[in-house]
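These numbers come from a predicted model, not from an experiment.
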Amino acid sequence: MAFRRRSCIPAALAVFFLLLAGQSTAGEDQTAVIWGRHGDEGTLREACDTGHYNTVIISFLSVFGHGRYSLDLSGHDLRRVGNDIKHCQRKGIVVLLSIGGQGGDYSLPSSRSAADVADNLWNAFLAGRRKGVLRPFGNAAVDGIDFFIDRGSGDHYDELARKLYSYRNNKGKGVMLTATPRCRFPDRRLEKALATGVFARIHVRMFGDDVNCTAAPRESWEKWAAAYPASQVYLGLVASSEQDPGYLSPKPLYYTLVMYIRDRLNYGGKMIWDRYYDKKTDYSIGKLI
């Protein structure tokens, strides 16, 4: 194997599950960052050592579903990434691997392919160990999987999510699942997967080609938060005006959006796209509160 680079849970139960899972609650502003999109963004270790992030999302496993698996980390040295993952985890930072992306060659054409991809993710990147399965990050294991599905249909991703959620390591710890959908609600590619109710976090991309979302970000976020009360719902934000017309500078971000939603039970925080631009602008430490 070559490596190249709507939940139907009632509100009262949603509160219980959020507390049980140890997720952030109202007022706690967590920050996640996408890492792996630029070769000159610095190492994963350096990103974790800034103290700016609670979660780093390694992006992307961009080829899967047809018996082939390939990472695209923009030229980063995989030999270093494994040690950096363990370094970040020792600092209490959650490390996720994102599958899919805006390019690549991926899909789940059948239930069998969903099962195969789940098996590969478990044994190649998570806590599984099966002889003959290459582990690109060595003995380091990521904490969970992020679904960033931007191509093809949404078929069988619900099966993939359920299978991944069923896995447990030898200490009984499961796999954290997150999703990074487009802002327009619902995201048709992720709708069935999210309906499983097994996703701890949803990072809503408040940028991109949906003018309605970028023009009315508060209303857009509230749709997602209302639909998935058992998930922590994050604001997915670009770190620079160079990246996207949907950029919100820190002051308007707070006064038009964050100040109205930060006390909601399932407000999770910010997801920054991406480390390279955040390194240039320090957007993640903007004075939002």
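Using a 4.5 Å cut-off on side-chain heavy atoms (C-beta onward), W221 and V233 make contact. Using a 4.5 Å heavy-atom cutoff, the side chains of L235 and V204 are not in contact. Two residues are said to be in side-chain contact when any heavy atoms from C-beta on lie closer than 4.5 Å; I261 and L257 meet this criterion. In this structure, W35 and E46 have side chains that are not in contact, with every pair of non-hydrogen atoms separated by 4.5 Å or more. Contact of the K86 side chain with the N139 side chain is registered, since non-hydrogen atoms from C-beta on lie closer than 4.5 Å. With a 4.5 Å cut-off on side-chain heavy atoms, L96 and M176 count as touching. Between V117 and H156, the closest side-chain pair of non-hydrogen atoms is not below 4.5 Å. The shortest side-chain heavy-atom distance between Y69 and D116 falls under the 4.5 Å cut-off.
Within 6.0 Å of CZ in R218 there are more than 12 heavy atoms belonging to other residues, nucleotides or ligands. The neighbour count for Y165 OH, taken as heavy atoms of other residues, nucleotides or ligands under 6.0 Å away, does not exceed 12.
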| Passes side-chain hydrogen bond (donor to acceptor under 3.5 Å, both in side chains), N54 versus T31? Steps please. | CA-CA 5 Å; N54 310 98; T31 303; 4.6 Å; no
| query | Is there a side-chain contact (heavy atoms from CB on, under 4.5 Å) between M206 and V238 once you walk through the steps? | reply | CA-CA 8 Å; M206 313 300 292; V238 290; over 6 Å; no
| Audit row: V33, I57, side-chain contact (heavy atoms from CB on, under 4.5 Å) steps and yes/no | CA-CA 6 Å; V33 68; I57 307 172; over 6 Å; no
| said: For K223 and E219: C-alpha separation, side-chain torsions, deciding distance, then whether salt bridge (Lys or Arg N to Asp or Glu O under 4.0 Å) applies. | reply: CA-CA 6 Å; K223 286 181 182 178; E219 291 82 354; over 6 Å; no
| task | Apply side-chain contact (heavy atoms from CB on, under 4.5 Å) to the pair Y247 and Y283, showing each step before the final yes or no. | result | CA-CA 11 Å; Y247 170 76; Y283 185 75; 3.6 Å; yes
| Test log, rule side-chain contact (heavy atoms from CB on, under 4.5 Å), inputs I93 and H87 | CA-CA 9 Å; I93 296 169; H87 174 78; over 6 Å; no
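Ring to ring, F199 and Y228 are not that close: their centroids are 6.0 angstrom or more apart. Ring centers of F148 and W273: under 6.0 Å apart, within the cut-off. Taking the six-membered ring for Trp and the full ring otherwise, the centers of Y106 and F64 sit less than 6.0 Å from each other.
The salt bridge (Lys or Arg N to Asp or Glu O under 4.0 Å) contacts involving residues 90-104 comprise D49-K91, where partners must be two or more places apart or lie in separate chains.
Taking CD1 from I285 and CD1 from I272, the interatomic distance works out to 11.0 Å, rounded to the nearest 0.5 Å. The distance from the OG1 atom of T43 to the CG atom of D77 is 11.0 Å, given to the nearest 0.5 Å. Once rounded to the nearest 0.5 Å, the distance linking OG1 of T178 with CD1 of I145 reads 8.5 Å. Rounded to the nearest 0.5 Å, atoms CG (L126) and CG (L97) are 8.0 Å apart. Annotation: the span from R205 atom CZ to S220 atom OG amounts to 13.5 Å, rounded to 0.5 Å. Note that the OH atom of Y234 and the OH atom of Y267 stand 9.0 Å from one another [nearest 0.5 Å].
In this structure, the side chain of D187 does not engage the main chain of P181 through any donor-acceptor pair within 3.5 Å. Side chain of N266 to backbone of S231: a donor-acceptor contact under 3.5 angstrom is found.
Side chains of T55 and R201: a donor-acceptor N/O pair is present below 3.5 angstrom, by distance only. With no hydrogens or angles considered, a side-chain donor-acceptor pair links S98 and D146 at under 3.5 Å. In this structure, a donor-acceptor pair under 3.5 Å is present between the side chains of D119 and N123. When only modelled atom types and interatomic distance are considered, H66 and S107 share a side-chain donor-acceptor pair under 3.5 Å. For the 3.5 Å distance criterion, the side chains of D274 and H38 qualify, holding a donor opposite an acceptor.
Between R45 and D84, at least one side-chain nitrogen of the basic residue sits less than 4.0 Å from a carboxylate oxygen of the acidic one, meeting the salt-bridge criterion. Salt-bridge check for D105 with R151: failed, with every basic side-chain N at 4.0 Å or more from each acidic carboxylate O. E159 and R162 are not joined by a salt bridge, as no carboxylate oxygen comes within less than 4.0 angstrom of a charged side-chain nitrogen. A salt bridge does not link D155 to R189: none of the charged side-chain nitrogens sits closer than 4.0 Å to a carboxylate oxygen.
I34 and S59 make their closest contact through CG2-OG, 3.5 Å (heavy atoms, listed as atom of the first residue, atom of the second, distance). Annotation for Y53 and R275: closest pair OH-NH1, 2.9 Å, computed over non-hydrogen atoms. Taking both residues in full, the closest heavy atoms of G36 and S74 are given as O-OG, 2.8 Å, listed atom of the first, atom of the second, then distance. Counting all heavy atoms, side chain and backbone alike, A179 lies closest to L190 at CB-CD1, 4.3 Å. Contact between V56 and C48 at its shortest, heavy atoms only, is CG1-SG, 4.0 Å. Of all the heavy atoms in S240 and Q243, the pair that sits closest is N-OE1, 2.9 Å.
Residues W122 and I85 share a single hydrophobic cluster, defined by chaining ILVMFWY side chains whose heavy atoms lie under 4.5 Å apart. Using a 4.5 Å cut-off between side-chain heavy atoms of Ile, Leu, Val, Met, Phe, Trp and Tyr, with links allowed through other members, F147 and V63 fall into different hydrophobic clusters.
The hydrophobic cluster containing Y277 also includes Y276, under a criterion of side-chain heavy atoms closer than 4.5 Å among ILVMFWY residues, counted directly or through chains of members.
In this structure, R182 forms no cation-pi arrangement with F185, as its terminal cationic atom is not both closer than 6.0 Å to the ring centre and no more than 45° off the ring axis.
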